[in-house]
Number of protein chains: 2
Amino acid sequence: MTERAADVPAETRERILDAAEALFGERGFDSVSLRDITGQAEANVAAVNYHFGSKEKLVDAVVERHAGPINEERMRRLADAEERFEEGPVPVSEILDAFLRPVVDEIMKDPVTERVFCKFMGRIMSEQGYQLPESVKPLFQQMAAAFAQALRMARPDLSDQTVMWRMHYSFGVMSHTLMHSEKLEQISAGRSGNPGLEKLFDHIIEFCAAGFLAPEQGEEGQW
Amino acid sequence: MTERAADVPAETRERILDAAEALFGERGFDSVSLRDITGQAEANVAAVNYHFGSKEKLVDAVVERHAGPINEERMRRLADAEERFEEGPVPVSEILDAFLRPVVDEIMKDPVTERVFCKFMGRIMSEQGYQLPESVKPLFQQMAAAFAQALRMARPDLSDQTVMWRMHYSFGVMSHTLMHSEKLEQISAGRSGNPGLEKLFDHIIEFCAAGFLAPEQGEEGQW
DNA sequence: GTCTATAAAGGGATAGAC
DNA sequence: GTCTATCCCTTTATAGAC
């Protein structure tokens with residue numbers, strides 16, 4: 001937004017966004033005060049209201065910074081997969097990959113903020129009562145509808161309801177893992193340290209894709 | 001704890017616990033004030049400190065009210081399953097059932113608080129930074145270890161790490177679904193309303209058990 | 001654009017009457 | 001065991017100097 005030299009400490013606005021992202025991911029939106037944020041960002045309390053207008057708008061700004069690019073990339077990858085598999089439906093694992101890979105890529109852009117952003121993403125996906133900013137809602141809903149449609153075509157033998165639930169379960173696995181990636185690293189640290197996000201997400205996709213393979217129990221329309 | 005007639009409005013202490021459980025589940029621990037709680041419970045602010053000593057201890061009390069019974073029942077059911085399958089390992093779906101069923105039962109005890117407690121449980125399983133009360137920690141760890149052990153025996157072909165991760169994914173599905181059960185009911189309401197918790201959890205177990213069936217990719221010890 | 005100072009509201013906790 | 005009244009702290013937000 002504003003112009004500045006390359007190797008100078010980030011602008012106040014950016015530092016605030018970074019600090020907010022880290023703290024929100026760690027402790028949630030409500031529990032973090034503006035003082036916590038400006039303290040960590042080495043900025044003044046008043047700077048938040050100067051740059052963003054209010055705490056709520058700061059939350060929106062942090063979300064918007066990533067949500068747009070990620071959802072656009074998801075749509076791109078899904079469309080790309082649909083082209084590659086034009087003869088038949090896209091495999092479930094490819095659909096889940098199109099959903100998750102953009103998150104991994106966004107995290108990888110800056111290794112320093114890797115774990116920070118992991119948790120923040122997980123929190124966005126799971127926080128109760130939190131309302132997505134109006135600016136990203138339409139794209140988000142569009143994206144969710146496209147993925148649901150692709151999954152229905154991938155598993156035409158399943159009822160629509162079952163597909164929706166399993167899509168939801170997959171989101172649950174992803175957000176839960178993002179939020180607790182720290183603890184999990186400790187678990188696996190006994191052997192060879194952090195397995196790396198890429199492998200972790202491959203592992204998640206294997207699990208969820210296998211979950212989609214389960215046959216439907218009972219008659220259709222049981223829901 | 002205290003004696004009272006059967007058909008009289010619940011004691012203040014109980015009303016506070018009920019209100020706290022509902023509000024904590026809805027909005028998290030930090031975002032809910034004691035005034036929110038006592039307002040909903042039709043009690044006085046000072047009553048919280050009289051009955052519980054502090055807000056933190058109130059949180060502990062809400063957790064303790066359910067955590068003990070649920071974890072004990074989990075252990076009982078796992079032990080029971082191990083007896084039934086004494087010739088061989090307990091199937092994954094039986095293990096997951098032993099883990100999840102006590103939650104369903106606890107929820108079912110009082111249909112009124114069904115959705116309330118769903119979300120509260122989901123929040124306990126997912127809230128970052130929240131520390132389990134010391135009084136329930138040992139039982140919790142013991143329980144987690146027993147289930148991990150059972151799952152390893154159920155899938156001896158998988159590496160220990162893979163089993164741990166997949167157990168974690170299953171927890172993710174469960175907590176995410178508990179916390180968002182409301183939204184999901186809306187989705188399925190088009191056809192026949194609330195599918196009922198029992199069916200929902202059967203569905204979750206199918207999904208997770210199928211996830212455990214996925215073959216392990218790459219060599220062992222890749223983590 | 002960044003600071004200090006302060007306003008205005010709400011938080012947890014407690015003393016003391018009943 | 002329950003209430004009122006109050007203390008003291010932190011919160012968000014803003015006004016105004018620099």
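Naming convention: chains lettered A, B, ... in sequence-line order (proteins, then strands); numbering from 1 in each chain.
- A straight line from CZ of Phe52(B) to C1' of dG12(C) spans 16 Å, rounded to a whole angstrom.
- Here dT11(D) presents its C1' atom at 18 Å from CZ of Phe29(A), a figure rounded to the nearest Å.
- Note: CG (Asn49(A)) to C1' (dA15(D)) measures 12 Å, nearest angstrom.
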Test salt bridge (Lys or Arg N to Asp or Glu O under 4.0 Å) on Glu73(A) and Arg77(A); report intermediate values, then the result. CA-CA 6 Å; Glu73(A) 180 66 15; Arg77(A) 282 179 183 257; 3.0 Å; yes

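- Lys55(B) has its NZ atom 8 Å from the P atom of dA13(C), to the nearest Å.
- Look at CZ on Arg27(B): it is 13 Å from C1' on dG11(C), rounded to the nearest Å.
- Here dG12(C) presents its P atom at 13 Å from CD1 of Ile16(B), a figure rounded to the nearest Å.
- A residue-by-residue look at Val45(B) and Tyr50(A) shows that Val45(B) has its nearest nucleotide of DNA chain D further toward the 5' end.
- Donor-acceptor pairing under 3.5 Å, judged by distance alone, is present between the side chain of Arg35(B) and the base of dG12(C).
- In this structure, Phe52(B) and Leu17(B) have side chains that are in contact, with non-hydrogen atoms separated by less than 4.5 Å.
- Residue contacts for Ala46(A): at a heavy-atom cut-off of 4.0 Å it reaches a base atom on one of the strands shown.
- Remark: P of dG1(C) and CD of Glu14(A) are 13 Å apart, rounded to the nearest angstrom.
- For Ser33(B), no side-chain nitrogen or oxygen approaches OP1 or OP2 of dG10(C) to under 4.0 Å.
- Between Asp30(A) and Arg27(B) there is no salt bridge, since none of the side-chain N atoms of the basic residue sits less than 4.0 Å from a carboxylate O of the acidic one.
- Contact annotation: Asn44(B) side-chain N/O to dT4(D) OP1/OP2 distance is under 4.0 Å.
- One atom, CG of Asp36(A), and another, C1' of dT10(D), lie 10 Å apart when rounded to the nearest Å.
- No salt bridge links Glu106(A) with Arg65(A); every basic N to acidic carboxylate O contact stays at or beyond 4.0 Å.
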